[in-house]
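What follows is a single structure, written as structure tokens, with notes after it.
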Amino acid sequence: MSGKYPEYKHLNLAQINQDILEFWKNDESFKKSITSREGAPGFVFYEGPPSANGKPGIHHVMARAIKDIFCRFKTLQGYQVNRKAGWDTHGLPVELGVEKELGITKEDIGKSISIEEYNEACKKAVMRYTDIWNDLTEKMGYWVDMDDPYITYKPKYMESVWWLLKQMWEKDLIYKGYTIQPYSPKAGTGLSSHELNMPGSYRDVKDTSAIAQFIAQKDAKFQAVFGDAVADDDQVYYIAWTTTPWTLPSNTALTVGPKIEYQMVDSYNPYTGIRQKVVLAKNLVSKYFKPEGAELDMEAYKLGDKVAPWRVVWEGHGRDLENLRYEQLLDWAQPYEGAENAFRIILGDFVTTEDGTGIVHTAPTFGADDAKVAREANPPVPPMLVLDENDNPVPLVDLQGRFREGIGPFGGWYVKNEYYADGEAPDKSVDVEISIQLKERNQAFKVEKYNHSYPHCWRTDKPVLYYPLDSWFIRVSAEKEKMVSLNKTINWKPKSTGEGRFGNWLENANDWNLSRSRYWGIPLPIWSTEDGSERRIFGSVAELKTACDEAVAKGLMEKHPFADFKEGDMSEENYNQVDLHRHVVDDIVLVSESGKPMRREADLIDVWFDSGSMPYAQWHYPFENKEQIDQLTPADFIAEGVDQTRGWFYTLHAISSLVFDRVAYKNVVSNGLVLDKNGAKMSKRLGNAVDPFTTIEKYGSDPVRWYMISNASPWDNLKFDLAGVEEVKRRFFGTLYNTYSFFALYANIDGFEYDAEKETEWSNRPELDRWILSRLQELIRTVEQHFNDYEPTKAARAIEYFVDEELSNWYVRLNRRRFWKGEMSEDKQMAYETLFYCLRSLAQMISPIAPFFADRLYQDLNPGKAESVHISKWPALAEDAIDSHLNERMAMARNLTSMVLSLRKKERIRVRQPLQKIMVPALSDEKAELLASIKDILLAEVNVKELEILREVEGVLVKSIKPDFKKLGPRFGKHMKQVAAAIREFDQAQISALENEGHYELEINGEMQSIEASDVEIHTEDIPGWLVMSENKLTVALDIHIDEDLKSEGMARELVNRIQNLRKDSGLEVTDRIEVQLLEDAALKEALTKNQDYVKTEVLADSISWKSEDFEGEEIDFEDVKSKLSLRKSH
RNA sequence: AGUCCCGUAGCUCAGCUGGUUAGAGCGCUACACUGAUAAUGUAGAGGUCCGCAGUUCAAGUCUGCGCGGGACUACCA
């Protein structure tokens, strides 16, 4: 029979995946889901751009499922959700990949390969896997506009980035400074952190380390801190440790930990024997002073004694020492500016007392921490920079790693012996020479060889230098507070990431180092004269073109690359002739106001700035779409992995805060990692990576998505296990599919067709229908709320429960007869309508998470319409259909059913065997009524003849009493235990008294206390002499006596079962009528005489006949019966 | 090193603002059902809620200190 509602043999989600994809393509469903919302309020979503130079993994399915869910949900709710795909195309990984492929290194670029060729190679490489990405996007059912993506290397995109940068420039947020970076003097290049992390980079080396003594200045502040501990003629030193003595001439500060405890110790210098007082961390005193020394006579020491006497003369905290001054250790040079703020003690949280002295030698030119802490001090501590012949500030050590000529006694010496050519290194390194000098001048407390691991350049094998290199910065720290307060308005999922990880990060935000000395990226649009006195930034191609024209007119260039660019023409043709990458703009020489040539600052912009610009750059703002920008920003919703907290989430927030003074996004979901099933990180190397394509091909996208979402909250890490996908497929999709199949099978037989016009009033439907509709409404409300709260897991779980427990396992199971008995009737019609409505609503509710199966289901339920579920409107909530009283009743029925079945189970009485009676006690009229109302359902489910509701007047009930801790706890506090014990001791009479009078007087600690009836829970747990079960305040007793009638009936049912089985095995249609033959059996015959009609109706038998002699048939054997059965179709 | 997440049954996870028998699914064992049937149901076993200390009448839940797993960021003077 071919019916209206499609029927299937099996559930094949992979096939559905393909079919629905095909449908979406032909139907242009994605486009429709947007155009059908034209004019509706928008829901703004930003797609974080992936980099397509690597293949996508299963974790991308997770991240994109989350994005997809909320975009689809909002569409259902009626919003218009535009979403543009994007590609992140610049950056180091791309360049490294290309270098590897071409077999070149960074040095070759511009030499053996032109920058233009190199950039061309990068451009190709970066889009290499675009097709694979698009393929996955499509197959996993992630709806995003891939036809018109934003691409960060396109001129329009780059132009918007320039514009943004210029806005910051005009707010004085861009400056040139320096950062301390790993630098290889031999290679003459800075090293990226990834180069430093290459295996073998860190090696154990033995260096000369020194604890230097810095002479304390005895000014007024000094007196105030140390007072009597120091006499006028005492020599006082702050002592600090370093493994790089060559940085000591560049020292401009000492750093102490504010909370660390320090002591001043009176003792002697081990090298000179001079009496002195030194300050160091309390924890470390015992490391440098032997305990015996504390006992020795202070005066009785001479140079060379093994143990020096010592005494602690002062104790305080690091914060007490702040801003104390000291004399410069080696006065080879002075900072060219701010020298008055140098040589003082500052505070830093990074200080530890693990090793050293708890006072850290701080040379801001050669240490990253040093630079930071010096910059943050108030007033800032200047770095040791001097002016070179061109009056540019430079550190004491040049780019080759040598002390500058004229700086101290070691001008021209390399700071490390490793930097000399073979055989040319001096006997003693600078480190050693300096240490010797210090010893001689009573400025060394301790000098020794020290073993530590130190990074080496992977190309030259020489140790790395931490060196100040020029960089361009965004002054993020200046806008810190704005960023922090804006962040508080963002709804983070999970909250802790926003408040904790992200919030803390913002509070401690450093200036953003924009500079990258690479080739493939967006060039800094800043041109400078050689001395840096004149600079200009460009915020558009047009501006640059005008400046180029000027330069050509002045004769600085012959021609320029933007000659044909037409200002104001936004066409693709116009922009396609423009390229803003390095190989083009580096050749541009401009003219400054004073007529000097200006060249571009060599660096590229950090790629994170690219992606953080996407809210504007994807629309070529402000050159195009200027008016709509208020509708396009900020985003209502974004989502990415938690690893983007300090990446994309941060750059979006920073750029938006700095340029627009507002948030970039209102709601953000940061999902956790996808690990393998054992909780290990997935990696291709370990072979535990799950391939998204084969997985989707095998299972379809829906169960994968459902599993990922329902298993745990997205922000928890997911231990991805295919067994979990199987389970979801079976338990959830299997059940839902079965429910649909059941519906389709009978709806087709009866020719049911859903017609909204003729639908029966819900309030007129039978109780079970009203119940499931009521529960469905609650579900709609719950699911909608969870989706609105960005809690997809809770939504999925609520749906799972409804489908499995309530719809399939209760509603359908209890209603089967309504569907399969007799001709079409009004009752049947209502059953179909109810089930239909549940299924269709479910299709809509699951569609954000399981878009394929949902669409299949939805379309199957609306035959001939061919409209995607994703274009439909979220089911309207019918509040008034929610009947909480009914829900409660049904919950009770389900409870009781399960209890009775459990009792039967214990007694090994099968459900087919009817029983006479169950009894349920009811202590109140209310409960008695409840019970009466579910009587029919209950009895039918558990196959029992009657329900007796026991009222307490009958005197058989044994009551038990339990205190309500929540009520009594706050009232009795400490005495709660006593009260609880007293209440538990109540006998039946006391319980009755409390019930009848509404309160009971109790003596607690000699005081009379009144217990109200509402302070306790009273229920029954036992009915003497019966088989009883008690659970959840419900008690049920079962009569397990089986008389002859019951037994016969049980046997009849047993027989029905066998006949039905045989019918099915014989391949008969559900509607065929039959004739039954049985081999004579006394017990069976006896049972059948009473139940013949019942059996006949059940199995659609026209006749049942008895045979006395043996015949071909099915052996049947149960209880006392041994017989044979055969049947044939009636004619 | 800092910040954040996680730690509850063999596995994957619930457990709301603290309230007295700590739950579900899977797996295991047993049984049942059989016109939704390559489906389903019921029951049983299985827990020192990572540890220690504290707050409280009461802690899986709050606080502190640890331990273990993970992520990010930074660095080693």
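In what follows, every heavy atom counts, from backbone to side chain, and hydrogens, waters and symmetry copies are set aside. In what follows, chains are A, B, ... by sequence order, proteins preceding strands, each numbered from 1. Since the model is a prediction, treat every value here as computed from it, not as a measurement.
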For [N], does OP1 or OP2 lie under 4.0 Å from any side-chain N or O of [X]?
| X | N | value |
| --- | --- | --- |
| A:Asn711 | B:C13 | yes |
| A:Arg816 | B:A36 | yes |
| A:Tyr737 | B:A36 | no |
| A:Thr243 | B:A77 | yes |

Inter-nucleotide [atom1] distance ([N], [M]), Å rounded:
| N | M | atom1 | result |
| --- | --- | --- | --- |
| B:C13 | B:C6 | C1' | 12 Å |
| B:C62 | B:C16 | P | 9 Å |
| B:C52 | B:A71 | C1' | 27 Å |

message: Tell me whether the count of non-hydrogen atoms from other residues, nucleotides or ligands lying under 6.0 Å of NZ in A:Lys493 goes above 12.
response: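 Yes, NZ of A:Lys493 has more than 12 neighbouring heavy atoms, counting only those of other groups under 6.0 Å.
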
query: Does A:Lys1096 NZ have over 12 foreign heavy atoms under 6.0 Å away?
result: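 Count over threshold, so yes.
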
- prompt: Step by step, would you call A:Tyr707 with A:Phe720 a ring-ring contact (aromatic ring centres under 6.0 Å, His included)?
  reply: CA-CA 9 Å; A:Tyr707 163 68; A:Phe720 188 87; 5.6 Å; yes

Rounded to whole angstroms, how far apart are [atom1] on [X] and [atom2] on [N]?
| X | N | atom1 | atom2 | value |
| --- | --- | --- | --- | --- |
| A:Trp648 | B:A71 | CH2 | P | 23 Å |
| A:Glu640 | B:C72 | CD | P | 15 Å |
| A:Leu280 | B:A77 | CG | P | 19 Å |

Proximity to the side chain of [X] - top-ranked nucleotide from [options]:
| X | options | answer |
| --- | --- | --- |
| A:Lys966 | B:A14, B:U17, B:C26 | B:U17 |
| A:Ser713 | B:U40, B:G25, B:A14 | B:A14 |
| A:Asn717 | B:C76, B:G70, B:A36 | B:G70 |
| A:His361 | B:U73, B:A77, B:G25 | B:A77 |
| A:Ala712 | B:U42, B:U73, B:C13 | B:C13 |
| A:Leu673 | B:C13, B:G70, B:A77 | B:G70 |
| A:Arg813 | B:U73, B:A36, B:C26 | B:A36 |
| A:His10 | B:G41, B:A36, B:A38 | B:A38 |

query: Can a salt bridge be assigned to the pair A:Arg1058 and A:Glu1054 using a cut-off of 4.0 Å between side-chain N and carboxylate O?
result: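 Judged by the 4.0 Å cut-off on N to carboxylate O distance, A:Arg1058 and A:Glu1054 do form a salt bridge.
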
For [N], which nucleotide in any strand shown is its Watson-Crick or wobble partner with both distances under 3.5 Å?
| N | value |
| --- | --- |
| B:C13 | B:G23 |
| B:U48 | none |
| B:A74 | none |

message: Once hydrogens and angles are ignored, does a donor-acceptor distance under 3.5 Å link the base of B:A77 to the side chain of A:Thr247?
response: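 Under the 3.5 Å cut-off, the side chain and the base do not form any donor-acceptor pair.
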
message: Is the distance from the ring center of A:Phe649 to that of A:Phe502 below 6.0 Å?
response: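 No, the ring centres sit 6.0 Å or more apart.
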
With a 4.0 Å cut-off on heavy atoms, is [X] in touch with a base, just the backbone sugar-phosphate, or nothing at all?
| X | answer |
| --- | --- |
| A:Thr255 | nothing |
| A:Asp716 | sugar-phosphate |
| A:Thr242 | sugar-phosphate |

- prompt: For the residue pair A:Phe743 and A:Phe836, does the interplanar ring angle fall in the parallel (under 30°), tilted (30 to 60°) or perpendicular (over 60°) class?
  reply: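 If you compare the ring of A:Phe743 with that of A:Phe836, the planes turn out tilted.
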
- prompt: Starting at the 5' end of RNA chain B and moving along, which residue's nearest nucleotide shows up first, A:Val360 or A:Lys9?
  reply: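 This one resolves to A:Lys9.
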
message: Pick the closest RNA chain B nucleotide for A:Asp370 and for A:Arg730 by heavy atoms, then say which residue is nearer the 5' end.
response: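 It is A:Arg730 whose nearest nucleotide is closer to the 5' end.
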
query: Counting only N and O atoms by type, is there a donor-acceptor contact under 3.5 Å from the side chain of A:Asp370 to the main-chain atoms of A:Pro364?
result: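 Side chain of A:Asp370 to backbone of A:Pro364, a donor-acceptor pair under 3.5 Å: no, none is there.
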
